[in-house]
Amino acid sequence: MSAYGAWTIGFALIYTLALIIVGNVAKRKTTRGDGYFVGGRNFRWWTVAFCITGLFSGSTYISIVELSYLTGVSAVWYGVAETIQVLIIALLIIKPFRKKMLTTVSGLIGDRYGRGAKALSGAITAFAFPMWSVATAIAFASAFHVFTGISLSVSVAFTALLLFIYLQAGGMWSVAFTQTMNTIVFALMFIVGAIAFFINPGISGIQQLAVDRPELFDFGGAGLQVILVWFGTFFVNVILAQAAFQMALSAKSPEEGQKGLIIAEIMSLPFIFFGVLFGLSAAVVVPGESLGLVALPLYLMEVLPAPLVGLFFLGIWACALGWGAPCQFSGATSLGKDTGSAIFPQANPEQLVKYTKWSLLILTGLMIVFGTLRTEQSAWWNVFAWTIRNSATFAPVVAAIFWPLVTRSAVVSSLATGFTSGLLWYHLGGWAPDQFFLNIHPVWIGMSVNIATIVFVTVLTTLGKWSIQPKEKAAKGFGFLAVGIVLVAINVAYFQPLYEQGLFGLVAFAAVIAFFITTMLFVREKDTAHRIAKTA
């Protein structure tokens, strides 16, 4: 093992040990099941801000570093999309979800549609979270691999086990403390990285890179379809961002959670800037690497002594903890609390906590398996996880909030068909990060099937129980219907250019959304329609 490896692993182990000790102290705060899952809903706004910064900004930073090395400044759009998502959650989502005392998205589905829907949505949600954890673990594992020579797969397994040991401690209170400490470590990482930048390549090096490789300074370099998928998945994720909800809804009040989210927006800006800067710096000093996250440690080894490199990658480990720990914990909450309570409805809060801890072990195993399947392309893992989770749960969550007519069989069917269609489309496209079957991204297919299933099954299984809402109340419905028809017409009239640009699937999905909203506005339960008519 090199000196770089010794310093990096030493820092990570000492830091994790300190967090484990504090996590065990946090157990004193988890005297009730609610305390374990949502911190007793006692967080102040600054705790929420630290939690959300560690969650989204740490993950986004790693993805941007990787993407900027490979595709240049276009990686900034990944950060912009994530930032807009958090802002929408703060302004529109937190208050109504707090009124519902939401803990998990799968719990929301289960409370509305029964044990079968809760079990399936909890399992699907849990299946996706280790993929997000792998996305950030790959960054630290890449450094571990470069410094020690140990394979990337084993490095990911080491990272997963550290996460598991840590999370066994104090639940959400442990996560909250970790995110607070991670914020300090992030600042140290940026300082060390800035030192490396000014040593080599410096401003002149970036200027020369613009001359030698101008494609890296094209804001569309990642590809229009890929960039739109980033925005699309983040926007759709607004009502499905379970880990973020679990943190923000742990606040004392919805206002505290909302304020914490907005402050986290401001704190996220350095992650976007430095992510692009460090990725481009690595492209100057260590060109030609196929894996951006392997190029990063190679770059730092060229310009910094071992202790500073170790301190920088302590920041990367903090990113892995900041994203991976909440993801593993939230996924385990869905599997242990939601799926567990669906299978064992008589389970008490203490038993649900026990199921959640067992679930952490299961998800750790999944994380290791995923790490052996694909130990590159961190951003791909993020988008893949969003695809399969959102393809299953988007329509059921929307229905639970806005469409009372939906049946349990429709929800279970849409969970299953959305999940499997997203996976199948990825398979047909060879699991590639930027080349898709029929040039349509799997997320548009999976979510469209998800919506179509819930609509058709609901309408068919409730024949005789619904009617068309009176026209006096359907102005919005006709408006969305017109939007859907226009979008279909655009897809037909401009099929060739839209298809070549990879936009056909996005426009088609937008049309499906418009028709979905139209259906929810028009097709209502008979009693509801009669009440509306009488009121009018």
Side-chain angles (χ1 to χ4, degrees), residues 55-71 74-86 124-125 127-139 220-238 240-244 272 275 291-293 319 323-324 327 331 367 370-371 373-394 418-419 421-437 439-450 502-503 505-506 509:
L55 176 69
F56 282 126
S57 298
S59 168
T60 297
Y61 167 75
I62 286 176
S63 294
I64 290 176
V65 168
E66 175 194 42
L67 290 165
S68 60
Y69 178 85
L70 299 172
T71 65
S74 61
V76 74
W77 296 118
Y78 190 97
V80 172
E82 178 270 327
T83 300
I84 295 174
Q85 172 202 224
V86 176
I124 291 173
T125 300
F127 181 71
F129 273 106
M131 298 177 188
W132 283 308
S133 301
V134 164
T136 48
I138 288 171
L224 181 60
Q225 180 171 193
V226 172
I227 293 171
L228 289 174
V229 166
W230 295 341
F231 278 93
T233 50
F234 274 121
F235 287 175
V236 168
N237 201 53
V238 161
L240 300 172
Q242 176 171 300
I272 300 172
L291 304 179
L293 293 178
C319 290
W323 175 253
C327 283
M367 185 177 168
F370 294 152
L373 294 175
R374 194 172 192 142
T375 50
E376 73 272 5
Q377 297 164 332
S378 171
W380 179 88
W381 273 113
N382 278 332
V383 175
F384 178 56
W386 273 312
T387 297
I388 64 169
R389 196 277 304 273
N390 294 1
S391 293
T393 59
F394 175 72
F419 175 77
S421 60
L423 278 179
L424 177 61
W425 207 261
Y426 256 116
H427 171 71
L428 293 173
W431 308 96
D434 53 6
Q435 299 295 323
F436 312 110
F437 184 61
N439 208 23
I440 300 174
H441 195 283
V443 73
W444 311 133
I445 296 297
M447 294 180 64
S448 296
V449 171
N450 182 238
L503 300 180
L506 173 59
F509 174 69

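None of these values were measured; they are calculated from a predicted model.
Between I124 and I388, the shortest heavy-atom contact is CG2-O, 4.1 Å. G422 and P442 make their closest contact through O-CB, 3.7 Å (heavy atoms, listed as atom of the first residue, atom of the second, distance). For the residue pair G446 and S391, the shortest heavy atom distance occurs at CA-OG, 3.3 Å. Taking each heavy atom of F129 and G331 in turn, the nearest pair found is CD1-CA, 3.4 Å. Taking all atoms of both residues into account, the shortest heavy-atom contact from I62 to C319 is CD1-CB, 3.5 Å.
Between R389 and the choices W132, F394, F127, the side chain to side chain contact (heavy atoms under 4.5 Å, CB included) rule is met once, by W132.
Using a distance-only test at 3.5 Å, with no hydrogens or angles considered, a donor-acceptor pair links the side chain of S74 to the main chain of A222. Remark: side-chain polar atoms of S421 are paired, donor with acceptor, to backbone N or O of G418 under 3.5 angstrom. With W425 contributing its side chain and W444 its backbone, the two residues share no donor-acceptor pair below 3.5 Å. Counting only distance, with no hydrogens or angles, the side chain of S68 and the backbone of V65 share a donor-acceptor pair below 3.5 Å.
The CD atom of Q85 sits 11.5 Å away from atom CZ of F231, with the distance rounded to the nearest 0.5 Å. To the nearest 0.5 Å, the span separating CD1 on I272 from OG on S57 amounts to 7.5 Å. The OG1 atom of T393 sits 7.5 Å away from the CG atom of N450 when rounded to the nearest 0.5 Å. One finds the CD1 atom of I84 at 4.5 Å from the CZ atom of F235 (value rounded to the nearest 0.5 Å). Put simply, CG on L293 and CG on L67 are 9.0 Å apart, with the number rounded to the nearest 0.5 Å. One distance of note links CD of E82 with CZ of F234; it measures 5.5 Å at 0.5 Å rounding.
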Does H441 form a side-chain contact (heavy atoms from CB on, under 4.5 Å) with V383? I'd like the steps, not just the answer.
CA-CA 10 Å; H441 195 283; V383 175; 3.7 Å; yes
I'd like to know whether S448 forms a side-chain contact (heavy atoms from CB on, under 4.5 Å) with F509, so could you lay out the CA-CA distance, the side-chain angles of the two residues, the decisive distance to 0.1 Å, and finally the verdict.
CA-CA 6 Å; S448 296; F509 174 69; 3.5 Å; yes
Can you list the steps and then say if N390 with W386 is a side-chain contact (heavy atoms from CB on, under 4.5 Å)?
CA-CA 6 Å; N390 294 1; W386 273 312; 4.0 Å; yes
Do L423 and F384 pass the side-chain contact (heavy atoms from CB on, under 4.5 Å) test, and can you show the C-alpha distance, the side-chain angles, and the key distance before you say yes or no?
CA-CA 9 Å; L423 278 179; F384 178 56; 3.6 Å; yes
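Residues meeting the side chain to side chain contact (heavy atoms under 4.5 Å, CB included) test with Y69, sequence neighbours left out: A282, A283, E289, A295.
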